[in-house]
Protein chains: 2
Amino acid sequence: MKNINIRELAQQLNLSVSTVSKALNDSHEISDETKKRVLKTAATLNYVPNPYASSLRGRKSKNIGVVIPEVADSFFSIAINGIESVAKEKGYHVLICLTHESFENEKNILKEFQGGRVDGVIMSVSRETIQSDHISDLISNGVPLILFDRVCEDVETAKITTDDFESSYKATEHLVAQGCKKIAFLGISKSLSLNSKRQEGYVQALNDHDLKSGNKHIIHCTNELKPNYRLVKKLLQQKNRPDGIVASMEKLTTPVYTACADLNLSIPQDVKMVCFSNLETASILNPSLTTITQPAFEMGKTAASILFRALKKTNLSLTKSSIVIPSSLMIRSSTT
Amino acid sequence: MKNINIRELAQQLNLSVSTVSKALNDSHEISDETKKRVLKTAATLNYVPNPYASSLRGRKSKNIGVVIPEVADSFFSIAINGIESVAKEKGYHVLICLTHESFENEKNILKEFQGGRVDGVIMSVSRETIQSDHISDLISNGVPLILFDRVCEDVETAKITTDDFESSYKATEHLVAQGCKKIAFLGISKSLSLNSKRQEGYVQALNDHDLKSGNKHIIHCTNELKPNYRLVKKLLQQKNRPDGIVASMEKLTTPVYTACADLNLSIPQDVKMVCFSNLETASILNPSLTTITQPAFEMGKTAASILFRALKKTNLSLTKSSIVIPSSLMIRSSTT
DNA sequence: CTGAAAGCGCTAACAA
DNA sequence: TTGTTAGCGCTTTCAG
């Protein structure tokens with residue numbers, strides 16, 4: 001039982017292929033009666049158009065590519081829901097491509113996209129990404145691309161971010177207000193502008209409150225659980241150990257909690273922690289975790305809306321614009 | 001700067017299109033020298049083939065569809081990683097389609113797949129799915145489809161599951177061993193065979209230990225946080241409230257923990273809980289959560305491997321086979 | 001070893 | 001309002 005094609009459908013109807021095609025696409029050239037007839041037999045014969053044939057002809061794939069570092073991360077998985085909600089509405093499919101934080105993978109994926117597999121791209125760069133030629137290449141090749149969350153400053157396109165500097169500043173200030181004197185910052189990777197902003201917010205807050213941060217208190221993490229655990233443990237074993245932590249990735253929660261437990265340090269008495277995180281379980285952790293919760297769904301949704309706006313007007317490239325959607329600090333027991 | 005196509009590439013090389021095509025596909029008909037020349041200019045001119053043209057011609061899309069209820073769920077997001085790891089190796093892309101637990105969505109997605117958008121499908125059915133004609137239709141249309149985790153018994157295809165009955169049995173037995181007398185079961189939905197198996201494992205364990213479960217102690221949840229909270233709260237407010245809970249979805253963790261806190265019930269003193277869950281944060285919850293951890297990555301990987309085996313041999317449909325990969329009970333403080 | 005040409009399923013000029 | 005026809009970019013016979 002093979003899938004029927006438009007020619008066979010036309011034969012059944014005693015109509016030409018083009019008439020059927022137009023009817024199927026609800027063209028104004030076709031009479032209502034014919035449309036109805038076509039739609040009906042299409043349904044009974046179970047006709048489903050081949051998307052790649054239309055794609056080839058019309059040079060639009062009805063796919064958008066979503067390039068992200070990981071899917072097993074609540075920020076990204078929620079963002080996908082946001083993207084998908086608008087893609088579905090527009091009749092588009094979402095091709096999710098994971099870089100697993102590798103620049104090499106990221107380049108390969110974007111390269112492949114030049115072949116026309118997707119009509120547009122929504123992307124968050126990997127932790128290794130230090131330059132952006134691969135992105136600009138794709139864009140200048142005519143594929144609209146929007147950056148979200150982890151953006152590259154120098155790419156000329158629309159960018160959706162959250163207020164990384166401000167929220168990091170507020171979080172740090174909150175720790176100061178709770179009495180922390182030695183606050184550490186756990187970053188993702190030096191190259192990410194998102195990371196820099198958060199770090200700057202942290203440093204600024206320290207300065208504004210006359211606390212200096214020695215370099216020892218800024219560390220960058222890896223992508224693995226075990227090494228992160230060791231890094232955190234080492235940090236907490238210093239003579240001058242921090243009494244507060246601003247963590248830039250939700251993945252750091254488990255290493256910090258585990259390391260504290262293993263070192264007999266209590267959160268929040270000995271160490272207070274605030275984390276950029278969208279974990280639903282933040283509120284039921286032991287202790288419940290103070291988070292900077294990012295508007296993941298909104299960011300995805302906004303990125304997709306802007307992308308589709310660009311897709312509509314052919315050849316209108318995305319202007320270099322920035323949309324910032326604020327995060328919210330959810331104060332819980334890990335800092336109070 | 002538009003993407004170059006094979007004709008332009010051929011012109012540049014003073015070769016015919018077919019020669020170039022063969023060279024690109026490493027055909028034995030082409031001399032090594034020519035191949036090298038073609039590959040080189042292809043690289044310099046940044047030629048990337050249009051996948052849809054090859055798809056149309058060769059009737060294979062190099063896409064596999066992954067149909068799942070949610071992506072913001074650790075079991076499914078980890079399973080995606082497993083699927084993706086083998087897809088990538090085979091040069092395939094993964095089209096992730098979310099049903100959001102809606103049967104209607106699920107049907108539409110599979111219907112669309114009949115058009116040839118994907119070469120094969122890996123799927124876990126929605127909570128609403130009570131019959132499987134849409135699945136059988138797609139399969140009899142020549143699209144190989146594999147079910148994983150939430151399978152439909154009556155579909156003739158390969159199925160990858162975990163040992164739902166046994167692990168549920170063990171979890172229940174564990175609660176009994178910890179002294180629970182009134183154990184409740186929180187299911188996903190009555191229609192899922194996965195749910196039935198877990199429920200049967202639970203019931204069997206109760207019977208084997210001479211504990212009867214009144215119907216009041218088996219409840220089925222919704223897909224939303226708030227209603228689940230209310231359901232759980234009601235359950236825990238009964239005169240005959242349970243002292244143990246076997247929960248079938250990781251989503252139930254927050255409602256149970258929150259409801260217990262709000263009712264001043266302590267876990268594990270008043271209520272013990274074990275949950276089917278792949279949450280990384282299970283170990284740092286308050287209290288740490290005893291889980292039945294499913295082999296999510298392996299299940300995804302296995303499903304994909306089997307699918308690709310079927311994809312290789314054209315026209316060999318998947319035999320009705322079952323692979324069961326065991327889960328492991330991770331005992332933590334919520335039950336001890 | 002290389003090339004010419006047909007055609008995958010569909011859409012959109014252009015004709016009728 | 002409907003039909004004819006020429007491709008979209010690629011692979012693959014079949015000839016040379």
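Only heavy atoms go into these numbers, but all of them, side chains included; no hydrogens, no water, no symmetry mates. The chains referred to below are lettered A, B, ... by the order of the sequence lines, with proteins before strands, and numbering in each begins at 1.
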[atom1] of [X] versus [atom2] of [N]: gap in Å, rounded?
X	N	atom1	atom2	answer
Leu15(B)	dC1(C)	CG	C1'	11 Å
Lys36(B)	dC1(C)	NZ	P	13 Å
Asp26(A)	dT2(D)	CG	P	14 Å
Arg37(B)	dC1(C)	CZ	P	15 Å
Tyr52(B)	dG9(D)	OH	C1'	14 Å
Gln11(B)	dG3(C)	CD	P	13 Å
Leu9(B)	dG9(D)	CG	P	13 Å

With sequence neighbours left out, the residues meeting ring-ring contact (aromatic ring centres under 6.0 Å, His included) with His100(A) are none
Query raised in the report: Which residues satisfy the ring-ring contact (aromatic ring centres under 6.0 Å, His included) test with Tyr92(A), sequence neighbours excluded?
Result: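 Testing Tyr92(A) for ring-ring contact (aromatic ring centres under 6.0 Å, His included), a comparison that skips the adjacent residues, returns Phe308(A).
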Bend of the helix from dC1(C)-dG16(D) to dA16(C)-dT1(D) from end-axis comparison, five pairs per end, nearest 10°, comes to 40°
In short, salt bridge (Lys or Arg N to Asp or Glu O under 4.0 Å) pairs touching residues 29-56 of chain B with sequence neighbours left out are Lys22(B)-Glu29(B), Asp26(B)-Lys35(B)
Contacts satisfying salt bridge (Lys or Arg N to Asp or Glu O under 4.0 Å) that involve residues 67-92 of chain A (not counting sequence neighbours) are none
Nucleotide by nucleotide, nucleotides 10-16 of chain D touches protein heavy atoms under 4.0 Å in the pattern (B base, S sugar-phosphate only, - none) BBBBB--
What distance separates Asp149(B) CG from Met123(B) CE, expressed to the nearest 0.5 Å?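 That separation rounds to 12.5 Å.
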- Exceeds 12 heavy-atom contacts within 6.0 angstrom, atom NZ of Lys159(A):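 Enclosed.
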Residues that [X] engages under side chain to side chain contact (heavy atoms under 4.5 Å, CB included), provided they are two or more places apart:
X	result
Pro295(B)	Thr162(B), Glu298(B), Met299(B), Ile325(B), Ser327(B)
Leu56(B)	Asn50(A), Ala53(A), Leu56(A)
Leu45(A)	Ile4(A), Leu9(A), Gln12(A)

Within the structure, does a side-chain N or O atom of Ser55(B) lie under 4.0 Å from either OP1 or OP2 of dC8(C)? no
